[in-house]
Every structure is written in structure tokens, then in C-alpha cells.
Amino acid sequence: MTASITSRIILGIDPGSRITGVGVVEVTGQKSRHLHHASIRTEGQAFPDRLNTIFSGISQIIQLYQPGEMAIEQVFMHRNADSALKLGQARGAAIVAGTQAGLE
């Protein structure tokens, strides 16, 4: 009997309050294949609008590629507390987009 190899689609997110990077890969066994990458740019928007743009952009990518799980970069300590808080809020918007879609 031959074991079937299942593939997984994974969404990776590098959050930022001005630019959030996203990538989608398909992993089958030991092989991975690039499906998509993009930058969600929010420069020039009011901060609440930036968070909405991040949420909406990630939600659209989830609808299009139907990943089963996501990985998101941890926030590292900034010298500027305000920057760290904004980065954490951008990360939160990305996490909510993923959890609303049922991603692990």
C-alpha cells in the first residue's frame, strides 16, 4: 500500500504598520512551492485605516489561496515604544484576519 502525501498551504506574514509582507507556499512532503507573495502598503493612511487595509488585504489572500495555517513573525523590541505598539497592532489585525478564517 502506498501512503498518500498530502499538501498543505501555508500563509506567512511579516507585519508592519506601513508595509506588511505576505507569502503563500504549498508544502508537499519535503518539497515546497511558491504560490504568491505581496506587500500590503498603507503609507499615507490614517492609522485606523492602515489596520483595516492590513486586515482586508490578508483576508483577500486567504480567500484566494485557502491556506490551512499561518505563520506570523513575532514583534521584537524597538527603541521607540510607539513604533512597537503600532507594529503590535498591525500584527493583531493580521492575526484576526487569519483566525476569522479558521487558520491555525
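Quantities reported herein were computed from a predicted structural model and do not represent experimental measurements. Just so it is clear, the values below take in all heavy atoms, side chains as well, and ignore hydrogens, waters and symmetry mates.
A distance of 12.0 Å separates CZ in Phe47 from CG in Asn52, rounded to the nearest 0.5 Å. Separating the CD atom in Gln89 from the CZ atom in Arg50 is a distance of 11.0 Å, to the nearest 0.5 Å. The OG atom of Ser56 sits 11.0 Å away from atom CD1 of Ile61, with the distance rounded to the nearest 0.5 Å.
In the hydrophobic clustering of this structure, Ile40 does not group with Leu51; members are Ile, Leu, Val, Met, Phe, Trp, Tyr whose side-chain heavy atoms approach within less than 4.5 Å, directly or through other members. Linking Ile, Leu, Val, Met, Phe, Trp and Tyr whenever their side-chain heavy atoms come within less than 4.5 Å leaves Val25 and Ile58 in two separate clusters.
The two residues Ile72 and Pro15 make their nearest non-hydrogen contact at CG1-CD, 4.0 Å. A pairwise comparison of heavy atoms in Gly16 and Leu87 identifies CA-CD1, 3.7 Å as the closest pair. Minimum interatomic distance between Phe55 and Ala93 (heavy atoms only, all atoms of both residues): CD1-O, 3.6 Å.
For residues 21-31, the pairs satisfying salt bridge (charged side-chain N to carboxylate O under 4.0 Å, His left out) are Glu26-Arg33, with sequence neighbours left out. The stretch residues 81-91 participates, sequence neighbours left out, in these salt bridge (charged side-chain N to carboxylate O under 4.0 Å, His left out) pairs: Asp82-Lys86.
In terms of the side chain to side chain contact (heavy atoms under 4.5 Å, CB included) criterion, residue partners of Ser39 (sequence neighbours excluded) are, by chain and number, Ile19, Arg41. For Tyr65, the ring pair (Phe, Tyr, Trp, His ring centres under 6.0 Å) criterion is met by His36, not counting sequence neighbours. For Gln66, the side-chain hydrogen bond (donor to acceptor under 3.5 Å, both in side chains) test picks out no residue, with sequence neighbours left out.
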Show me the donor-acceptor pairs, under 3.5 Å and distance only, between side chains in residues 94-104 and residues at least two apart or in other chains.
unit_1, atom_1, unit_2, atom_2, d
Thr99, OG1, Ile95, O, 3.2
Thr99, OG1, Val96, O, 3.2

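Remark: of the listed residues Ile10, Val27, Leu11, Ile9, Ile10 is the sole one forming a side-chain contact (heavy atoms from CB on, under 4.5 Å) with Glu69. For the pairing with Ile54, the side-chain contact (heavy atoms from CB on, under 4.5 Å) check across Val22, Thr20, Ile13, Asp49 returns one residue only, Thr20.
Of the possible polar contacts, none joining the Thr53 side chain to the Thr42 backbone as a donor-acceptor pair under 3.5 Å is found.
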